[in-house]
Amino acid sequence: MRLLFWKNVKMKVMRKTDSCIIEHSKITVNGDPVFESQSETFHDFAKDAYKNLELNYPKFHKMDNLSKLAFLAAEMILKDDDHSRTALVLANRSSSLDTDFKYQESINSEGNYFPSPAVFVYTLPNICVGEISIRHTMQTENAFFVLDEFDEKFLTDYAEQILLSGKAEKVLCGWTELFQENYKAFVYLLTL
Amino acid sequence: MKKETYITDYNCVTPLGFDVASNWNHLVEGKSGVALHKVIENHEAFYASIIDTEKLEEEFKPNFDNPDFTRLEKMFLLSLKPLVEKHEITEETAFILSTTKGNISLLKNQTELPEGVYLSNLAQKIADYFGFKTKPVVVSNACVSGVMAIAVAKNMIQAGKYKDAFVIAGDEVSEFVISGFNSFQAIGTEPCKPYDKNRNGINIGEAAAATYITSAPNENENFRFKISGDSAVNDANHISGPSRTGDGLYASIKSAMTEANVTSEQIDFISAHGTATIYNDEMEAIAFNRMELQNIPLNSMKGYYGHCLGASGLLESIISMESARHGILIPSKNFEETGVSQPLNIIKENQFAAIQYILKTASGFGGCNAAIVLEKC
């Protein structure tokens with residue numbers, strides 16, 4: 001009984017303060033559309049969004065597409081606020097397979113063997129978490145999970161545990177899925 | 001009240017053996033799994049720690065009827081089987097899999113993604129074989145994955161989501177990974193020498209490891225290690241280079257030790273990351289000194305197993321618990337003369353020691369770091 005009561009209290013105190021969805025060449029923040037482009041590829045859409053939203057962060061252009069997606073979504077929520085106590089917990093289905101596939105093409109044949117460190121470094125899904133951490137100077141708790149589908153309850157439970165432990169005050173949480181032209185980001189900020 | 005979580009069983013599959021006892025015996029003898037291997041056709045050979053495929057098949061066949069598994073999946077299955085036979089899987093049992101690249105070898109010369117390269121499919125295949133009832137969770141956080149997977153099990157059990165968890169970690173030596181680290185010029189030209197003056201890079205390794213973690217240990221367990229604290233803080237500095245200040249590792253250790261409520265003097269042994277790259281080892285030395293841990297006996301297992309990526313953190317945690325159980329500290333293989341700017345107490349020969357508190361750390365690409373404190377109960 002006591003445990004049940006505690007659980008109920010816990011559920012009440014978690015708050016989702018901001019959220020961002022990116023899909024079909026469109027960015028929606030807290031339910032309001034903030035940017036839409038007619039571009040047909042993710043690459044062009046990301047470039048248009050970067051220009052239009054005046055992000056001014058040249059490192060963006062070196063990122064792989066998964067990092068660009070996660071970065072754009074995080075940017076919409078984190079803005080220029082202080083996030084020195086904001087943890088990052090992201091997940092997706094395709095891990096870094098978008099870049100893995102490109103990297104593999106660069107080593108498939110003997111005659112066309114050009115492994116590039118700049119590509120190889122993005123063959124890990126948590127690199128996008130690193131990119132967001134660098135952008136917002138977040139020396140904070142972070143984790144990346146691979147799940148077969150978006151599981152908000154799992155991510156929220158995990159975020160809640162970080163908040164209850166006192167290791168962070170907020171958690172930027174969510175789903176950043178991308179493989180070639182199929183992508184969706186749903187990222188949100190949680191606090192106690 | 002915080003629920004306590006304990007590691008009460010484990011197993012591993014490595015070039016040094018297909019169970020913990022054979023691994024331990026080989027480590028005490030100073031044996032290494034690292035040797036020269038031809039991994040990429042028409043390319044030079046690399047030093048790597050690789051499981052003999054014939055031996056793996058010999059071990060696999062009598063244990064499993066169905067041969068339809070990849071090499072990595074066979075490693076996972078062999079590592080997990082003895083644990084599943086001893087501990088019941090219920091509706092409240094989590095299944096957590098740590099890996100960086102999973103079945104990435106399947107991608108070679110493909111024009112479309114094979115289903116097996118999805119990490120969630122890999123996890124589901126293993127889960128289905130043993131009859132897990134909850135959805136698998138994959139932790140893929142570069143080289144800290146194995147340490148983080150232990151922390152994830154602890155945190156999800158404490159969140160009340162599960163009662164117990166099987167955590168497995170594995171990665172395989174592949175052309176994909178070897179070519180990538182080689183393009184970074186990060187691969188050593190000889191067996192790796194963590195923290196040594198003459199270190200010149202990593203050896204890649206492969207292994208699978210498995211642990212059973214529970215909030216309700218029974219009286220029949222052979223041993224019990226409490227997962228007392230954990231943390232994984234990002235450097236926020238560079239995606240491929242270690243921080244020069246050791247900020248993220250320092251903060252991870254500090255936060256894990258705070259949660260565990262232990263001081264630096266109380267730590268009996270550090271199982272460090274020690275990849276044998278110039279910058280990683282230096283970064284660790286700085287972080288350990290900032291935490292005043294420079295006098296605590298420390299080793300890196302990379303000289304025995306190479307860097308097993310997503311498996312390394314779990315495998316090395318298991319070996320550190322074996323150290324505590326036997327009361328023997330294992331030397332940091334291939335270390336001769338210090339090559340880091342700050343003092344460290346690097347273990348040079350087998351020595352007896354009473355070990356209660358273990359600090360296990362790891363660091364990786366993406367600026368990630370992880371630390372856990374394990375307490376022998």
Side-chain angles (χ1 to χ4, degrees), chain A residues 3 6-7 67 88 91 93-97 100-101 103-104 106-110 113-149 151 153-154 157-158 160-162 164-167 179, chain B residues 40-43 100-102 104 107-110 113 117-121 123-124 135-142 144-145 148 151-152 155-156 158-161 175-177 179-185 231-240 247-248 251-252 255 259 364-368:
Chain A
L3 189 69
W6 189 56
K7 269 192 172 169
S67 287
L88 270 163
R93 173 172 146 75
S94 298
S95 179
S96 54
L97 281 168
D100 293 359
F101 199 74
Y103 179 79
Q104 180 65 50
S106 78
I107 58 167
N108 266 341
S109 75
E110 182 63 26
Y113 185 86
F114 294 108
S116 146
V119 178
F120 182 68
V121 70
Y122 286 100
T123 63
L124 292 163
N126 63 301
I127 300 299
C128 67
V129 172
E131 293 284 14
I132 297 166
S133 299
I134 293 168
R135 166 71 177 98
H136 296 277
T137 333
M138 294 159 78
Q139 290 187 338
T140 57
E141 291 289 330
N142 58 188
F144 198 99
F145 296 101
V146 177
L147 309 169
D148 74 336
E149 58 184 358
D151 183 347
K153 186 164 186 325
F154 173 82
D157 283 347
Y158 198 77
E160 184 180 41
Q161 197 55 31
I162 293 176
L164 288 172
S165 73
K167 289 171 191 162
F179 183 73
Chain B
I40 309 172
E41 239 178 276
N42 301 320
H43 280 74
T100 62
K101 297 313 313 161
I104 197 70
L107 208 54
K108 191 174 166 73
N109 293 326
Q110 297 297 311
L113 286 187
V117 296
Y118 282 96
L119 301 183
S120 52
N121 290 350
Q124 193 63 54
K135 272 199 168 187
V137 172
V138 176
V139 177
S140 192
N141 238 82
V144 314
S145 303
M148 189 181 272
V152 169
N155 290 329
M156 294 314 286
Q158 289 184 342
K161 219 174 138 86
E175 192 178 323
F176 188 102
V177 166
S179 65
F181 277 100
N182 193 44
S183 76
F184 262 98
Q185 301 183 315
S231 178
V233 173
N234 199 286
D235 286 329
N237 174 65
H238 197 278
I239 53 166
S240 59
D247 276 359
S252 302
S255 166
E259 187 184 3
F365 275 169
C368 56

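We name chains A, B, ... by the order of the sequence lines, and we start the count at 1 in each one.
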Colleague: Taking every non-hydrogen pair under 4.5 Å, which of A:Ser133, A:Gly130, A:Ser94 racks up the most with chain B?
Modeller: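 Of the options given, most contacts go to A:Ser133.
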Colleague: Taking the six-membered ring for Trp, are A:Phe120 and A:Tyr103 parallel (under 30°), tilted (30 to 60°) or perpendicular (over 60°)?
Modeller: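 Plane angle between 30° and 60°, so tilted.
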Colleague: Which atoms of A:Ser96 come close to chain B, meaning under 4.5 Å heavy atom to heavy atom: side chain ones, backbone ones, both, or neither?
Modeller: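 Side chain of A:Ser96 only, per the 4.5 Å heavy-atom cut-off to chain B.
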Colleague: Relative to chain A, which segment of B:Glu41 carries a heavy atom at a distance below 4.5 Å: side chain, backbone, both, or neither?
Modeller: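 For B:Glu41, backbone heavy atoms alone lie under 4.5 Å from chain A.
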Colleague: With a 4.5 angstrom heavy-atom cut-off, which part of A:Arg135 approaches chain B: side chain, backbone, both or neither?
Modeller: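 Neither part; nothing is under 4.5 Å.
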Colleague: With a 3.5 Å distance limit and no angle check, can you tell me whether A:Gln139 reaches the backbone of B:Asp235 through a side-chain donor-acceptor pair?
Modeller: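 The answer is yes, because a donor-acceptor pair under 3.5 Å joins these two groups.
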Colleague: Check each atom of A:Thr140 against the heavy atoms of chain B and say whether the ones under 4.5 Å are side chain, backbone, both or neither.
Modeller: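 Backbone only.
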Colleague: Is there a donor-acceptor contact under 3.5 Å from the side chain of B:Lys101 to the main chain of A:Thr123?
Modeller: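 Answer holds: yes.
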Colleague: Quick check: does any side chain N or O of B:Thr100 sit under 3.5 Å from a backbone N or O of B:Ala142, one acting as donor and the other as acceptor?
Modeller: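 No, the answer is negative, given that no donor and acceptor are paired below the 3.5 Å cut-off.
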Colleague: Let's test your reading of the structure: which of B:Gly367, B:Ala232, B:Gly366 forms the most heavy-atom pairs below 4.5 Å with chain A?
Modeller: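 Greatest number of close heavy-atom pairs with chain A: B:Ala232.
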Colleague: Please confirm whether the backbone N or O of B:Ala251 pairs with a side-chain atom of B:Ser255, one donor and one acceptor, at under 3.5 Å?
Modeller: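 No; judged by distance alone, with no hydrogens or angles, the pair does not exist.
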Colleague: Quick one: list whatever passes salt bridge (Lys or Arg N to Asp or Glu O under 4.0 Å) with B:Glu259, sequence neighbours left out.
Modeller: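 B:Glu259 satisfies salt bridge (Lys or Arg N to Asp or Glu O under 4.0 Å) with A:Lys167, B:Lys2, B:Lys154 only.
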Colleague: Against chain A, label B:His238 side chain, backbone, both or neither, depending on which of its atoms sit under 4.5 Å from a heavy atom there.
Modeller: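 The backbone, not the side chain.
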Colleague: Of the listed residues (A:Ile107, A:Leu88, A:Asn108, A:Val129), which shares the most heavy-atom pairs with chain B below a 4.5 Å separation?
Modeller: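 Between A:Ile107, A:Leu88, A:Asn108, A:Val129, the count favours A:Asn108.
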Colleague: State, to 0.1 Å, how close A:Asn126 and B:Phe365 come at their nearest heavy-atom pair, and which atoms those are.
Modeller: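 Smallest interatomic distance, heavy atoms only, reads ND2-O, 3.1 Å.
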Colleague: Which pair of non-hydrogen atoms, one from B:Met148 and one from B:Val139, has the smallest distance, and what is that distance?
Modeller: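 Minimum heavy-atom separation between B:Met148 and B:Val139: SD-CG1, 3.9 Å.
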Colleague: Hey, which of B:Ile104, B:Val144, B:Asn155 has the most heavy atom pairs under 4.5 Å with chain A?
Modeller: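 Heavy-atom pair counts peak at B:Asn155.
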Colleague: Checking heavy atoms, do the side chain of B:Asn237, its backbone, both or neither come under 4.5 Å from chain A?
Modeller: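 The answer is the backbone of B:Asn237.
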Colleague: Between A:Val146 and B:Ser120, which heavy-atom pair has the shortest distance, and what is it?
Modeller: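 Closest heavy-atom pair between A:Val146 and B:Ser120: CG1-N, 4.3 Å.
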Colleague: Heavy-atom distance under 4.5 Å to chain B: side chain of A:Tyr113, backbone, both or neither?
Modeller: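 For A:Tyr113, the side chain is the part near chain B, not the backbone.
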Colleague: Chain A: which of B:Cys368, B:Ser231, B:Gly248 shares the most heavy-atom pairs with it under 4.5 Å?
Modeller: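 Answer, by heavy-atom pair count under 4.5 Å with chain A: B:Ser231.
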Colleague: By a 4.5 Å heavy-atom criterion (distance strictly below it), what part of A:Glu110 contacts chain B: side chain, backbone, both, or neither?
Modeller: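 It is the side chain, since no backbone atom gets that close.
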Colleague: In terms of heavy-atom pairs under 4.5 Å with chain A, which of B:Gln185, B:Lys135, B:Glu175 leads?
Modeller: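 Maximum pair count with chain A is reached by B:Lys135.
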Colleague: Grab the two heavy atoms, one from B:Val138 and one from B:Ala123, that are nearest each other, plus how far apart they are.
Modeller: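 Heavy atoms of B:Val138 and B:Ala123 come nearest at CG2-CB, 3.7 Å.
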Colleague: Below 4.5 Å from any heavy atom of chain A, which atoms of B:Asn121 appear? Answer side chain, backbone, both or neither.
Modeller: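 Only the side chain of B:Asn121 comes within 4.5 Å of chain A.
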Colleague: Could you have a look at B:Asp247, B:Leu113, B:Leu119, B:Val117 and say which one has the most heavy-atom pairs with chain A under 4.5 angstrom?
Modeller: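 Top option by heavy-atom pairs under 4.5 Å: B:Leu113.
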Colleague: Mind ranking B:Asn109, B:Asn234, B:Val233 by heavy-atom pairs under 4.5 Å with chain A and telling me who comes out on top?
Modeller: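 Maximum pair count with chain A is reached by B:Asn234.
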Colleague: Do A:Gln161 and A:Asp157 get their side chains close enough for a donor-acceptor pair, meaning under 3.5 Å?
Modeller: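 No, because no side-chain N or O of A:Gln161 sits under 3.5 Å from a partner of the opposite role on A:Asp157.
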